[in-house]
S.K.: 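Structure in structure tokens, see below.
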Protein chains: 4
Amino acid sequence: MSQTTGETTGERVQAAALALFAERGYHGTGIRQLAEAAGLSSASLYHYMGTKEELLVAIMRASLTELLDAAEATADLDDPQDRLVALVDLHVRTHASAPERTRVVDDEVNALSAPARAEVVTLRDRYEALWQAALDDGVARGGFQVRSASVVRRALLEMCSGVARWWTPDGDLDLDALAEEYAALALRLVGVSARHAAAQ
Amino acid sequence: MSQTTGETTGERVQAAALALFAERGYHGTGIRQLAEAAGLSSASLYHYMGTKEELLVAIMRASLTELLDAAEATADLDDPQDRLVALVDLHVRTHASAPERTRVVDDEVNALSAPARAEVVTLRDRYEALWQAALDDGVARGGFQVRSASVVRRALLEMCSGVARWWTPDGDLDLDALAEEYAALALRLVGVSARHAAAQ
Amino acid sequence: MSQTTGETTGERVQAAALALFAERGYHGTGIRQLAEAAGLSSASLYHYMGTKEELLVAIMRASLTELLDAAEATADLDDPQDRLVALVDLHVRTHASAPERTRVVDDEVNALSAPARAEVVTLRDRYEALWQAALDDGVARGGFQVRSASVVRRALLEMCSGVARWWTPDGDLDLDALAEEYAALALRLVGVSARHAAAQ
Amino acid sequence: MSQTTGETTGERVQAAALALFAERGYHGTGIRQLAEAAGLSSASLYHYMGTKEELLVAIMRASLTELLDAAEATADLDDPQDRLVALVDLHVRTHASAPERTRVVDDEVNALSAPARAEVVTLRDRYEALWQAALDDGVARGGFQVRSASVVRRALLEMCSGVARWWTPDGDLDLDALAEEYAALALRLVGVSARHAAAQ
DNA sequence: TATGAATGAGCCTTCATTCAT
DNA sequence: GATGAATGAAGGCTCATTCAT
């Protein structure tokens, strides 16, 4: 069972779950499919996870806390435009390079029971609050021209999350170009003439 | 059998399916829940639908063809900005006022079997082609400033579809204001200063 | 609904049932298939039949009483060999020319509930008793050479009923030749040198 | 789990299926009845079988291959009469002592889907080809007097299979006597005076 | 660690039948 | 006559989970 790579069995289970949840959805994925994809019997699976729901929560928690931690680091940036660009860059890169993970987080929240959902939504809200703060700050001192920062926040996030549904490394745009492009779009959305992006 | 409203039983079934599929997902919704929500036994349900999947396809087809028909009407507009604004207006209003329907269409495509998915994806592709054409036209003759029209198309669509996930009629923004706001955002995204949108 | 031929709707139902029961078995045939084959709705079917089981019993009763009546007519024949040949001729012709009907009678007896089965088995027993009597008579006065008349009765009946499973009018043997051949085989089975059959 | 006898659970399932399929037919037997007869829950049943149809096929395959193997052993016999007698002996003993198994094989072929039926029919055809060969050989060199060997083959097989429908060890005839009797009848059918059979 | 065996509950769907119209 | 609508029961099968080994 020990892999040549240092991959833990538990990690293999999470990876398998990620792939299947992303492809067929949480409810569309059976415990036996999970087990087969992980190279275990369905009974053995339960040594590496709690319930199926706890597995989903674990995936979501890991993904969101990682994203949240990275996003919190952008708070150091003083310039609101820099902050926004940094958030977009982080979000787009994360969604493009880990599309399964992000799609599961984005799409399967409703599959959770109330208590589990509460925990996940709290994390997501904290993450979105960082965007909201950046936008508010941009309006206050960064020259952002927006009617409603919260509407723009939602528009921005949906727009950026979308890359997880279509971007592939094989296409015309590489990851750097993608991130740049979305940063430029974001600045346009907040009504800033593309100062930053124009440099590219 | 006879309802106070003129609502058909078949319509009641579709309405129930819409609500449940949107709330819990296709795979998360059981036939018995469907039946209960429609006020029928699970056996009776099958007088008003084919399989569960056919019910989903029927919902998707109705939604997409309606949207597609309305979108095709925008082809009359000569000015590319007008066309884009009309598409955004249509898309946003549709998603905001029928959020369950649009969320089901957007989120449950992977739940379909290959042949059913093919039909639905064809419709969706035809719809998106209208957006692509509008963008291409805008680049050619409407002053749109975009590096990649197809990237912007995806960004725009994700952004606009997002309203189905948060907008409610009870909030600060009414439907007209929402549509206007998104039209303005769209024009910004394509690099046009928001001249036109106000006319809407 | 009235046919150009004088065929009654009730007859059409029986004919459809015959074909389907023979092809897929009683338990393998659904009421809706029956209705479709008869050109009726499943509800309308119930104007022409009782329960599904009663329909089966009706088919069996009609088939068996007809066969029984014809077989009883052979009792007139004095010569045991003539009687046996007449029974074989009747049985083989009936099974060859109405294979569906006879297969249903032969194969679906176990599908009946106890009371229905009792009625059918009674008819069948009366029919087989005529064979037994013919054999007993043949042993007593017809020169039949058999160790056990009842064993031979069963062997004969199974052998003759079998034609319903393979004979078709398109093959090498026409109905007359088939009947003759089986009469000859029957005489051999009872140990009579093929006097009768030899004439052919 | 551990039985007093050495019987496997899987064998218990097959035995239960055999009994029920023989008594009520394949379509007349439900999975829940099967489970109850095997002493399992219906879910547990699926540890020991594939689908219900695969269970039926497994039964048929086992039965037919066993019979076929045994029948092929008779090819060693040079004398056509010996061969025929050996085949009858085998067939009758098998059908008399395993009537459920043989009745299921004989009666439920139509319950199979096309691909499953193809496999079973192939085995049955190979078995019947051995009979045909024996009869052809008997006509060529064994003094068999038959108009059509294929008609006689069918008559013989139906006749011999019939014992599965009536013979019981409690009756007048024990298994040896039954086999002998049918061997004698078979020789009569092919027009050979019953010289050999006694030697058996 | 790992898994065969086990299951109650539930899956989607069809069953034979009834009845108001 | 004829049927659309309706259903309780059952169809075959899979679910997530547990546990003894």
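Atoms considered below: every heavy atom in the structure, side chains included; atoms not considered: hydrogens, waters and symmetry mates. Protein chains get the first letters and strands the later ones, always in sequence-line order, with residue 1 at the start of each.
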S.K.: Check the distance between F/dA9's C1' and D/Q33's CD and give it to me in whole angstrom.
M.R.: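 To the nearest whole Å, that distance equals 13 Å.
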S.K.: Given B/M60, which partner from the list B/L123, B/L55, B/V109 fulfils the side-chain contact (heavy atoms from CB on, under 4.5 Å) test?
M.R.: B/V109
S.K.: So, do A/R165 and B/D106 sit near enough that their side-chain heavy atoms are less than 4.5 Å apart?
M.R.: no
S.K.: Without decimals, in angstroms, what is the distance between C/L20 CG and E/dA16 C1'?
M.R.: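 In whole Å, E/dA16 C1' lies 16 Å from C/L20 CG.
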S.K.: Using whole Å, what does the distance between atom P of nucleotide F/dA9 and atom CD1 of D/I31 come to?
M.R.: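 The distance from CD1 of D/I31 to P of F/dA9 comes to 21 Å, rounded to the nearest Å.
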S.K.: Distance check needed: F/dG11 P versus D/R24 CZ, whole Å only.
M.R.: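 D/R24 atom CZ is separated from F/dG11 atom P by 10 Å.
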S.K.: Does C/S44 have a side-chain nitrogen or oxygen under 4.0 Å from the phosphate oxygens OP1 or OP2 of F/dA2?
M.R.: no
S.K.: Reading DNA chain E from 5' onward, which residue's closest nucleotide shows up sooner: C/S42 or D/A43?
M.R.: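 This one resolves to D/A43.
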S.K.: From the options F/dC13, E/dA6, F/dT7, select the nucleotide whose nearest atom is closest to the side chain of B/H47.
M.R.: F/dT7
S.K.: Between F/dA2, E/dT18, E/dA6, which one does the side chain of C/Y46 approach most closely?
M.R.: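 The nucleotide sitting nearest to the side chain is E/dT18.
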S.K.: On DNA chain E, compare the nucleotides closest to A/L45 and C/E53; which residue's is nearer the 5' end?
M.R.: A/L45
S.K.: What does E/dG10 pair with, Watson-Crick or G-U, if both distances are under 3.5 Å?
M.R.: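 By the stated definition (distances under 3.5 Å), F/dC13 pairs with E/dG10.
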S.K.: Determine the minimum heavy-atom distance between A/Y48 and A/G10, stating which atoms define it.
M.R.: CD2-N, 3.9 Å
S.K.: Measuring from the side chain of B/Y48 (C-beta onward, heavy atoms only), which nucleotide among E/dT17, F/dA6, F/dT18 has the closest atom?
M.R.: F/dA6
S.K.: Is there a Watson-Crick or G-U wobble partner for F/dG8 with both distances under 3.5 Å, and which nucleotide is it?
M.R.: E/dC15
S.K.: Just name whichever nucleotide pairs with F/dT21, Watson-Crick or G-U, keeping both distances under 3.5 Å, else none.
M.R.: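 For F/dT21, the partner nucleotide comes out as E/dA2, under the 3.5 Å rule.
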S.K.: Side chain of B/R32 only, please: which of E/dT13, F/dT17, E/dT3 is the nearest?
M.R.: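 Taking heavy atoms from C-beta onward, the closest nucleotide is E/dT13.
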S.K.: Can you tell me how far C1' of E/dA16 sits from CG of C/L40, to the nearest Å?
M.R.: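 These atoms are roughly 16 Å apart.
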S.K.: Tell me the interatomic distance from D/F21, atom CZ, to F/dG12, atom C1', rounded to whole angstroms.
M.R.: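 It works out to 12 Å between those atoms.
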S.K.: Return whichever of A/T29 or D/H27 has its heavy-atom-nearest nucleotide of DNA chain F closer to the 5' end.
M.R.: D/H27
S.K.: Any chance you could measure B/H27, atom NE2, to B/L56, atom CG, to the nearest 0.5 Å?
M.R.: 9.0 Å
S.K.: Distance check needed: F/dT18 P versus A/E54 CD, whole Å only.
M.R.: 10 Å
S.K.: Could you go step by step and tell me if A/E23 and A/Q33 meet the side chain to side chain contact (heavy atoms under 4.5 Å, CB included) rule?
M.R.: CA-CA 12 Å; A/E23 188 192 337; A/Q33 293 172 285; over 6 Å; no
S.K.: Atom CG of A/L55 and atom P of F/dA16: how far apart are they, to the nearest Å?
M.R.: 12 Å
